[in-house]
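Notes for the one structure printed next.
Quick note: numbers below take in every heavy atom, side chains included, and nothing from hydrogens, waters or symmetry partners. Proteins come first, then strands; the chains are lettered A, B, ... in the order of their sequence lines, and each starts at number 1.
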Protein chains: 2
Amino acid sequence: MPYLNISHKDRLSQAGLRPTKQRLRLSEWLFTGEDKHFTAEQLHRDVKDGTEPVSLATVYNTLSAFTRAGLLKTVTVDSNRVYYDTNTDAHYHFYDEDGLVLSDIDSRGIEITGLPDLPVGADVERIDIIIRTRKN
Amino acid sequence: MPYLNISHKDRLSQAGLRPTKQRLRLSEWLFTGEDKHFTAEQLHRDVKDGTEPVSLATVYNTLSAFTRAGLLKTVTVDSNRVYYDTNTDAHYHFYDEDGLVLSDIDSRGIEITGLPDLPVGADVERIDIIIRTRKN
DNA sequence: TTACATGCAAACTGTTTGCAAATAT
DNA sequence: ATATTTGCAAACAGTTTGCATGTAA
């Protein structure tokens, strides 16, 4: 949550995105309440009906635009679908492989030691840590 | 490399898989030389021509069978395709996002501290660490 | 001779795209 | 007035599957 009480319209403007009805509806769904982990399909299910329905194509277009603008991040945990995360800070994830549910790991205090040198000519773009869990 | 000099035929038998020509050809490609990281498409490109060609469907079927049998592991780094790894030990990866090439991280000495408690009812299935790099 | 493997083509899933109509600036 | 966005339907990529033929046990 980069700004605590920014309006949905302002968030879009600041990201250089026109505040259309669909984007405002999606922004509302995404950036109200706690951080969210979801797929395009899940989001579409929630916004395809109602006063201001949003089509699947627009959901995809908008998720890409939001991600390009830095409002969202993608998380690669399943090679069949893309997960999105409203938390754009560096952090790690639990992935419940039974329920297919992602959740944040509280990163405070995590330390990784003993990592080897990078391949020459390479810069770290980001580090992903996913703890995959199953019900016991 | 679980057994140093096991024959391809024996490897299949021990995994409970019939040693067909196609599987032997794939086993040869996979388990000769150093550990490999690859996609189904890349493997198919290399085995679709030659004396004993292997079809794309069989490549997919066989990769699934080998993975189920524990001869291969999948690596989730890209939500568009599945990567396979002949190294089935617990270890981590570099992913070159420019070249789309996976490589192993030497895990010896890596330590992660400060991880939070698991969600209740959950067991760790595995921990994935991917260091994503870009050319500098 | 019976169960399993192969391979083609068709099906399927998640995602992207072309384009005409609608909307924001 | 102009550029951008929407949303349908069609296209697309990677993967899976149905089924007839072939092969291993």
inquiry  = Can you tell me how far apart OG (A:Ser7) and CG (A:Leu12) are? Round to the nearest 0.5 Å.
reply    =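 CG of A:Leu12 is found 8.5 Å from OG of A:Ser7.
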task = Tell me, please, which residues at least two apart from A:Arg68 pass salt bridge (Lys or Arg N to Asp or Glu O under 4.0 Å).
result =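 Salt bridge (Lys or Arg N to Asp or Glu O under 4.0 Å) check on A:Arg68 returns nothing, list empty.
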task = Check salt bridge (Lys or Arg N to Asp or Glu O under 4.0 Å) between A:Asp78 and all other residues, then give those that pass, not counting sequence neighbours.
result =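 Here the qualifying residues are A:Arg81.
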key: Trace of the salt bridge (charged side-chain N to carboxylate O under 4.0 Å, His left out) decision for B:Asp128 with A:Arg132   = CA-CA 8 Å; B:Asp128 289 343; A:Arg132 296 173 185 271; 2.6 Å; yes
message = Run A:Thr58 and A:Ser55 through side-chain hydrogen bond (donor to acceptor under 3.5 Å, both in side chains) and show every step you take.
response = CA-CA 5 Å; A:Thr58 296; A:Ser55 75; 3.2 Å; yes
Please tabulate the protein-to-nucleotide N/O contacts below 3.5 Å involving nucleotides 19-21 of chain C, giving atom names and distances.
none

Would you mind reading off the distance between [X] atom [atom1] and [N] atom [atom2], rounded to a whole angstrom?
X	N	atom1	atom2	answer
A:Arg68	D:dT5	CZ	C1'	12 Å
B:His44	D:dT15	NE2	C1'	13 Å
A:Leu63	D:dT5	CG	P	15 Å
A:Phe66	D:dT5	CZ	P	11 Å
B:Leu12	D:dA24	CG	P	13 Å

inquiry  = How bent is the helix from C:dT1-D:dA25 to C:dT25-D:dA1, measuring the angle between the end axes built from five pairs each, rounded to 10°?
reply    =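 The end-segment axes of the helix from C:dT1-D:dA25 to C:dT25-D:dA1 are tilted 30° relative to each other.
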query = Regarding B:His37 and B:Asn87, is there a side-chain donor-to-acceptor distance under 3.5 Å anywhere?
reply =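 No.
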key: A:Arg11 backbone acceptor or donor facing A:Gln14 side chain under 3.5 Å   =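 Not a single qualifying donor-acceptor pair exists.
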message = Please list all pairs meeting salt bridge (charged side-chain N to carboxylate O under 4.0 Å, His left out) that have one or both residues in residues 104-124 of chain A, counting only residues at least two apart or in different chains.
response =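 Passing the test, one end in residues 104-124 of chain A: A:Asp106-A:Arg108.
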ask   = Does A:Pro53 reach the side chain of A:Lys48, with side-chain heavy atoms less than 4.5 Å apart?
value =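 No, side chains not in contact.
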message = Do B:Thr113 and A:Ile110 have side chains that approach each other closer than 4.5 Å (heavy atoms only, starting at C-beta)?
response =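 Not in contact.
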note = In B/S/- notation (B base, S sugar-phosphate only, - none; protein heavy atoms under 4.0 Å), nucleotides 5-15 of chain C written 5' to 3' is SSBB-----SB
request  = Begin from the C-alpha positions of B:Tyr84 and B:Phe66 and carry the test ring-ring contact (aromatic ring centres under 6.0 Å, His included) through to its verdict.
outcome  = CA-CA 10 Å; B:Tyr84 291 87; B:Phe66 281 18; 9.8 Å; no
